[in-house]
Trainee: 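Can you keep this structure in mind? I'll have questions shortly.
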Amino acid sequence: MEAAGVIEELGEDVSGLEVGQNVICLAQTGMWREIVAVPATNVFIMPDEMSYEEGAAIPLSYLTAYFMLFDFGNLRPGKSLLVHIAAGGVGWAATQLAKTVDNVTVFGTASASKHDAIKENGVDHPIDYRTRDYSEEIKNISPKGVDVVLDPLGGADTSKGLQLLRPMGKIVTYGSANMVKGENRNLMKMAKTLWQSTSVSPVSLVKTNKAIAGFQLAHLTGEIELVRSAFQDILNMYKDGKIKPRIDSVWAFEQVAEAMQQMNERRNIGKVILSPEKEPTKPAEGDAAPTSPLKKKKPSLFRRLSKRASRSKDEGEKKDEVKQEEQEKADDSKATNGHVQQTPEDEKIDDEAAKKVDGKVGDAEKAAEETAKKVEDKVEDKVEEGKDKAEDAKKNVEEKLEEGKEKAEDVIQQTEEKVDEAVKQEEAPTEPDTQEEKKDEAPAEEPEKIEVAVENPAETDDAKAAAADIVADEKPVENEEKADGVASQEI
């Protein structure tokens with residue numbers, strides 16, 4: 001997808017570029033050539049201080065890291081970041097770009113032999129993923145987790161990444177390395193990894209205030225202005241000395257297999273570059289010649305049995321030819337005066353030999369046919385078995401998805417019913433429920449007047465005092481009844 005070189009020729013109506021300029025370019029495919037044709041919109045003028053190797057190493061890795069960190073991740077000062085495969089091209093670029101933001105903490109996974117290099121590049125906490133659980137290591141240092149996770153692995157690691165996120169955190173997945181990792185690759189493992197990668201409930205994201213996003217630069221090439229704007233920012237950072245790609249090694253075009261093997265065995269730190277100007281290098285004396293990066297597969301059962309049957313048939317034919325030659329020599333030795341002197345005994349021997357040869361040939365052909373038939377049957381059985389397993393895996397995935405969908409719908413329906421019920425209760429008018437409440441709301445009755453007969457002054461004073469005591473006792477009752485009525489109205 002990426003290359004750097006010199007403009008040899010311009011198409012019609014191309015402006016802003018000149019023949020002989022050093023440029024960086026992007027394309028979907030076909031960049032492993034000495035001469036390539038690319039759209040002018042995908043061509044960028046290379047800074048004078050940049051080498052061709054650096055120009056070829058920047059676009060894919062730095063654009064991918066840029067969009068994930070600043071567009072999806074919204075990385076800001078004081079945040080924390082987990083970078084998987086921190087010694088790879090994207091991991092190296094992501095670390096440098098993250099360090100252009102103040103006070104960002106970077107956790108990076110890599111094998112122990114690469115820790116010094118990634119620490120020098122800006123990783124604050126290198127973690128050996130081969131010997132330690134990176135999730136536990138991060139929690140020991142930052143109990144609340146991290147703010148952004150860049151995930152090229154997929155599968156169970158995506159779930160671990162979600163668990164590591166702080167509230168308002170984001171995980172950006174840009175690959176599924178776990179789906180094709182290891183020597184034993186099968187459909188069931190791929191289906192399992194795919195299920196683990198997609199079993200993320202939107203409800204759980206809402207409850208935990210987390211986000212998940214996906215990115216692939218190959219599907220963004222149509223957004224020309226967006227890509228050009230981001231890449232111009234990256235080139236400005238390079239000119240300011242804030243970023244610098246690391247070149248692991250440069251290989252000749254003739255050594256593309258060795259270059260791929262360098263990455264396949266994870267021996268590289270940074271980018272592996274192919275150069276048309278590079279001369280092929282010979283392996284040092286005593287070193288084994290490089291082999292193809294693709295591991296040689298063991299022949300299938302069908303091929304092995306077919307080859308064995310073919311070899312048996314060839315051996316039978318060779319034996320028949322040897323016997324025939326011996327018989328011809330014997331016949332020639334008995335020839336006299338232009339004709340063969342053959343006795344009845346010789347004819348009998350010849351007939352028996354011919355029968356034996358015919359029998360062996362027939363047996364060999366029959367054995368070959370039986371072997372081929374068995375092979376076909378086994379192959380068909382294996383194919384059918386693989387189809388059944390694939391259908392079962394697909395069915396299980398669909399059932400899980402349908403089950404999760406039904407549960408989500410039930411939860412939504414129950415929530416809506418509860419909300420409707422609460423709204424109805426809130427809107428219903430408040431009325432007294434019992435006769436006692438109605439009674440409490442009735443106006444308090446006036447205290448009874450007490451008449452006192454006065455016969456003499458002394459008795460009149462005593463009667464007034466008694467009447468005052470009675471009225472005083474009645475007033476609190478009146479106040480309490482009024483208070484009760486007000487409380488009823490407020491309730």
Trainee: Could you check whether atom CD of E120 has more than 12 heavy atoms from other residues, nucleotides or ligands sitting under 6.0 Å from it?
Mentor: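 At most 12 heavy atoms, drawn from other residues, nucleotides or ligands, come within 6.0 Å of this atom.
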
Trainee: Do K407 and E403 sit within salt-bridge range, that is, some charged N less than 4.0 Å from a carboxylate O?
Mentor: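 Salt bridge: yes.
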
Trainee: Should V90 and I85 count as side-chain neighbours, where that means a heavy-atom distance under 4.5 Å?
Mentor: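 No. Closest side-chain heavy atoms not under 4.5 Å.
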
Trainee: Got a donor-acceptor contact below 3.5 angstrom from the R228 side chain to the V43 backbone?
Mentor: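 It does hold such a pair.
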
Trainee: Do T415 side-chain atoms and V411 backbone N/O form a donor-acceptor pair below 3.5 Å?
Mentor: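 Checked: pair present.
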
Trainee: Does E9 have more than 12 heavy atoms from other residues, nucleotides or ligands lying within 6.0 Å of its CD?
Mentor: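 For E9, atom CD is not crowded (no more than 12 foreign heavy atoms under 6.0 Å).
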
Trainee: Looking only at heavy atoms, which two atoms of G55 and I24 are closest? And how far apart?
Mentor: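 Result for this residue pair: O-CG2, 3.5 Å.
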
Trainee: Is a salt bridge present between E385 and K389, judged by a nitrogen-to-oxygen distance below 4.0 Å?
Mentor: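 Salt bridge present between E385 and K389.
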
Trainee: I'd like to know if the side chain of K242 reaches the main chain of Q96, judged simply by a donor and an acceptor atom lying under 3.5 Å from each other, with no hydrogens or angles considered.
Mentor: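 Side chain of K242 to backbone of Q96, a donor-acceptor pair under 3.5 Å: no, none is there.
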
Trainee: I want to check something: taking the side chain as every heavy atom from C-beta on, are K278 and E254 in contact at a cut-off of under 4.5 Å?
Mentor: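 A side-chain contact is absent here, since even the closest heavy-atom pair is not under 4.5 Å.
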
Trainee: If you look at every heavy atom in I243 and I234, which pair is closest and at what distance?
Mentor: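 Where I243 meets I234 most closely, the heavy atoms are CD1-O, 3.5 Å.
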
Trainee: Return the minimal non-hydrogen interatomic distance between A110 and H115, and the atom names on each side.
Mentor: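 A110 and H115 have their closest heavy atoms at O-NE2, 3.1 Å.
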
Trainee: I'd like to know if the side chain of K170 and the backbone of F72 have a donor-acceptor N/O pair within less than 3.5 Å.
Mentor: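 Between the backbone of F72 and the side chain of K170 there is no qualifying donor-acceptor contact (under 3.5 Å).
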
Trainee: Checking K139 side chain against E137 main chain: does a donor-acceptor pair fall under 3.5 Å?
Mentor: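 No, K139 side chain to E137 backbone: no donor-acceptor pair under 3.5 Å.
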
Trainee: Does a sphere of radius 6.0 Å around CD in E279 hold more than 12 heavy atoms from other residues, nucleotides or ligands, not counting ones at 6.0 Å or beyond?
Mentor: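 Open: at most 12 neighbouring heavy atoms sit under 6.0 Å from CD of E279.
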
Trainee: Can you see which heavy atom on Y62 is nearest to which on W92, and at what distance?
Mentor: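 Reported closest heavy-atom pair: OH-CD1, 4.2 Å.
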
Trainee: S275 side chain to A252 main-chain N or O, any donor-acceptor pair under 3.5 Å?
Mentor: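 Pair absent, no side-chain N/O of S275 close to backbone of A252.
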
Trainee: Give me the atom names and distance for the closest heavy-atom approach of F253 to E34.
Mentor: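 Smallest interatomic distance, heavy atoms only, reads CE2-N, 3.8 Å.
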
Trainee: Mark yes or no for whether S142, through its side chain, and I138, through its backbone, hold a donor-acceptor pair below 3.5 Å.
Mentor: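 Side chain of S142 to backbone of I138, a donor-acceptor pair under 3.5 Å: no, none is there.
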
Trainee: Compare every heavy atom of L97 with every heavy atom of Y66, then report the nearest pair and how far apart it is.
Mentor: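 Heavy-atom minimum between the residues: N-CD1, 3.6 Å.
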
Trainee: With sequence neighbours excluded, give me every side chain to side chain donor-acceptor pair (under 3.5 Å) pair touching residues 97-106.
Mentor: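 Those involving residues 97-106 are K99-D124.
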
Trainee: Does some side-chain heavy atom of T281 sit less than 4.5 Å from a side-chain heavy atom of E258?
Mentor: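 Contact flag for E258/T281 side chains = no.
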
Trainee: Is the centre of the Y134 ring less than 6.0 Å from the centre of the H84 ring?
Mentor: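 Aromatic pair counts; centres sit under 6.0 Å.
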
Trainee: Evaluate the side-chain proximity of I269 to I118: yes if any heavy-atom separation is below 4.5 Å, no if none is.
Mentor: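 Sidechains of I269 and I118: no contact.
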
Trainee: Are any non-hydrogen side-chain atoms of L63 and L26 less than 4.5 angstrom apart?
Mentor: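 Yes - at least one pair of side-chain heavy atoms lies under 4.5 Å apart.
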
Trainee: Do D147 side-chain atoms and S80 backbone N/O form a donor-acceptor pair below 3.5 Å?
Mentor: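 Pair found, side chain donor or acceptor close to backbone of S80.
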
Trainee: Below 4.5 Å, heavy atoms only, C-beta onward: do D151 and I212 meet side chain to side chain?
Mentor: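 Result no, sub-4.5 Å side-chain heavy-atom pair not found.
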
Trainee: Is the number of heavy atoms from other residues, nucleotides or ligands within 6.0 Å of CZ (R267) greater than 12?
Mentor: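 Result for CZ/R267: enclosed.
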
Trainee: Determine whether a donor-acceptor pair (N or O, by modelled atom type, separation under 3.5 Å) exists between the side chain of Q21 and the backbone of E18.
Mentor: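 A pair under 3.5 Å: yes.
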
Trainee: Considering only NZ, NE, NH1 and NH2 on the basic side and carboxylate oxygens on the acidic side, decide whether E2 and K271 come within less than 4.0 Å.
Mentor: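 Salt bridge flag = yes for K271 with E2.
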
Trainee: Under 4.5 Å between any side-chain heavy atoms of E416 and I412, yes or no?
Mentor: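 With C-beta onward as the side chain, the pair touches.
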
Trainee: Can you pull out every side chain to side chain donor-acceptor pair (under 3.5 Å) where at least one residue sits in residues 39-48? Sequence neighbours excluded, please.
Mentor: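 Pairs touching residues 39-48 that pass the test: none.
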
Trainee: Hey, are the side chains of Y174 and Q216 touching, using non-hydrogen atoms and a 4.5 Å cut-off?
Mentor: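 Y174 vs Q216: side chains apart.
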
Trainee: Carefully, step by step, assess E277 and Y52 under the rule side-chain hydrogen bond (donor to acceptor under 3.5 Å, both in side chains).
Mentor: CA-CA 11 Å; E277 298 178 350; Y52 291 127; over 6 Å; no

